[in-house]
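Inspection log for the structure reproduced underneath, given as structure tokens.
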Amino acid sequence: MTGQSLKLKQASAVLQMQPKELQNLVQFGIVKPRRSEGTYFFDMNALLIAKVASYLKESLGTRTSVLSKLMEVFSASEDELKSENPKYIVFHCRFTAEEEPIKLGVPFRALGAQIEERMSRADLYKDLPRGRKRRGWKKEFLESLTEAARDIGEVSEEDILRTVRTYRKEKRAPEITVAAES
């Protein structure tokens, strides 16, 4: 695994998740990336922890408190797991003393391979400042509008307004139907 460090937006692109979801994982202490001057930097370990946490959250709908405990145990045994590089890792969970334990299997090697594969795409997601502060943004924006106008062709202002109004009406009223099945 490479020693590359990624910022939040790049890491979220590699992990195929929304930046806000990754930010929430960091804020709740589930993922603990390195922090320097107020910026989080994700190495391969942090990316792998985030990927496993995201997998558990998506698959099970796990609460944050339970997810946090699962990831603490995972982080503690991560060095041992890396040396073995197992195909699956299995969590054994018992929520109360009376219940039978459950087993949660996570495809560890496949998740690591996904991250490795997508690391090359991290450079595509530049960490640009908020807003339109880069040089030449107005020209790029006008060029894209001109190209879109050419693609649309001749459309009257009335047609545009009618389309916008129709779209807004459809968005406001949800379509709900009820049917009985035997």
Side-chain angles (χ1 to χ4, degrees), residues 1-93 104-148 151 171:
M1 290 189 187
T2 60
Q4 187 177 7
S5 290
L6 306 175
K7 290 185 178 179
L8 185 108
K9 190 180 276 187
Q10 293 172 315
S12 66
V14 168
L15 296 171
Q16 295 176 301
M17 62 191 315
Q18 293 295 321
K20 186 65 180 169
E21 290 178 37
L22 183 57
Q23 184 179 355
N24 287 342
L25 291 176
V26 172
Q27 286 177 342
F28 287 116
I30 296 168
V31 179
K32 297 173 182 156
R34 184 175 53 86
R35 187 173 180 177
S36 176
E37 297 179 14
T39 304
Y40 290 107
F41 291 98
F42 295 82
D43 60 357
M44 286 302 291
N45 292 339
L47 290 172
L48 191 58
I49 291 170
K51 189 69 172 178
V52 170
S54 172
Y55 184 86
L56 288 171
K57 187 176 181 184
E58 285 178 23
S59 301
L60 304 172
T62 312
R63 291 192 329 254
T64 305
S65 60
V66 174
L67 189 60
S68 180
K69 289 177 185 174
L70 288 171
M71 297 319 297
E72 280 178 26
V73 173
F74 175 72
S75 296
S77 62
E78 187 178 13
D79 293 333
E80 188 179 301
L81 292 171
K82 270 193 191 170
S83 63
E84 294 176 24
N85 193 20
K87 188 170 183 177
Y88 283 89
I89 55 172
V90 179
F91 292 92
H92 296 274
C93 305
L104 304 171
V106 177
F108 183 73
R109 195 180 303 163
L111 294 178
Q114 277 182 356
I115 293 171
E116 283 285 338
E117 179 186 322
R118 293 191 54 86
M119 280 299 278
S120 61
R121 300 179 191 166
D123 295 334
L124 297 174
Y125 297 89
K126 303 261 191 269
D127 194 36
L128 297 172
R130 289 186 161 207
R132 299 183 179 121
K133 298 174 186 166
R134 32 176 235 285
R135 178 173 283 175
W137 70 267
K138 279 186 182 178
K139 184 178 178 186
E140 288 177 27
F141 183 68
L142 289 174
E143 286 174 355
S144 64
L145 285 179
T146 305
E147 186 177 322
D151 289 344
K171 279 296 201 184

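Excluded from the calculations below are hydrogen atoms, water molecules and symmetry mates; all remaining heavy atoms, backbone and side chain alike, are included. Position 1 is the first residue of the sequence; numbering continues from there.
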Query raised in the report: side chain to side chain contact (heavy atoms under 4.5 Å, CB included) between S68 and F28: does it pass, once the steps are laid out?
Result: CA-CA 8 Å; S68 180; F28 287 116; over 6 Å; no
Query raised in the report: Under the side chain to side chain contact (heavy atoms under 4.5 Å, CB included) criterion, do V66 and L60 qualify, and how do the steps go?
Result: CA-CA 11 Å; V66 174; L60 304 172; over 6 Å; no
Query raised in the report: Would F42 and V31 count as a side chain to side chain contact (heavy atoms under 4.5 Å, CB included) if you check the C-alpha gap in whole Å, the side-chain angles of each, and the deciding distance to 0.1 Å?
Result: CA-CA 9 Å; F42 295 82; V31 179; 4.1 Å; yes
Query - side chain to side chain contact (heavy atoms under 4.5 Å, CB included) between K20 and N24, worked out - result: CA-CA 6 Å; K20 186 65 180 169; N24 287 342; 3.9 Å; yes
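Interatomic distance, Q10 CD to L47 CG, rounded to the nearest 0.5 Å: 10.5 Å. How far CZ of R34 is from OG1 of T39: 10.0 Å, rounded to the nearest 0.5 Å. Interatomic distance, L56 CG to L67 CG, rounded to the nearest 0.5 Å: 6.0 Å. Rounding to the nearest 0.5 Å places CD of Q16 at 13.0 Å from CG of L22.
The environment of CD in Q27 is crowded: more than 12 heavy-atom neighbours from other residues, nucleotides or ligands sit within 6.0 Å.
In this structure, the side chain of S75 does not engage the main chain of E72 through any donor-acceptor pair within 3.5 Å.
Using bins of under 30°, 30° to 60° and over 60° for the plane-to-plane angle, the ring pair F108/F74 lands in the perpendicular bin.
Residue R118 comes nearest to V14 through the heavy atom pair NE-O, 3.1 Å, listed as atom of the first residue, atom of the second, then distance.
K51 has its side chain out of reach of M17: every pair of non-hydrogen atoms, C-beta onward, lies at least 4.5 Å apart.
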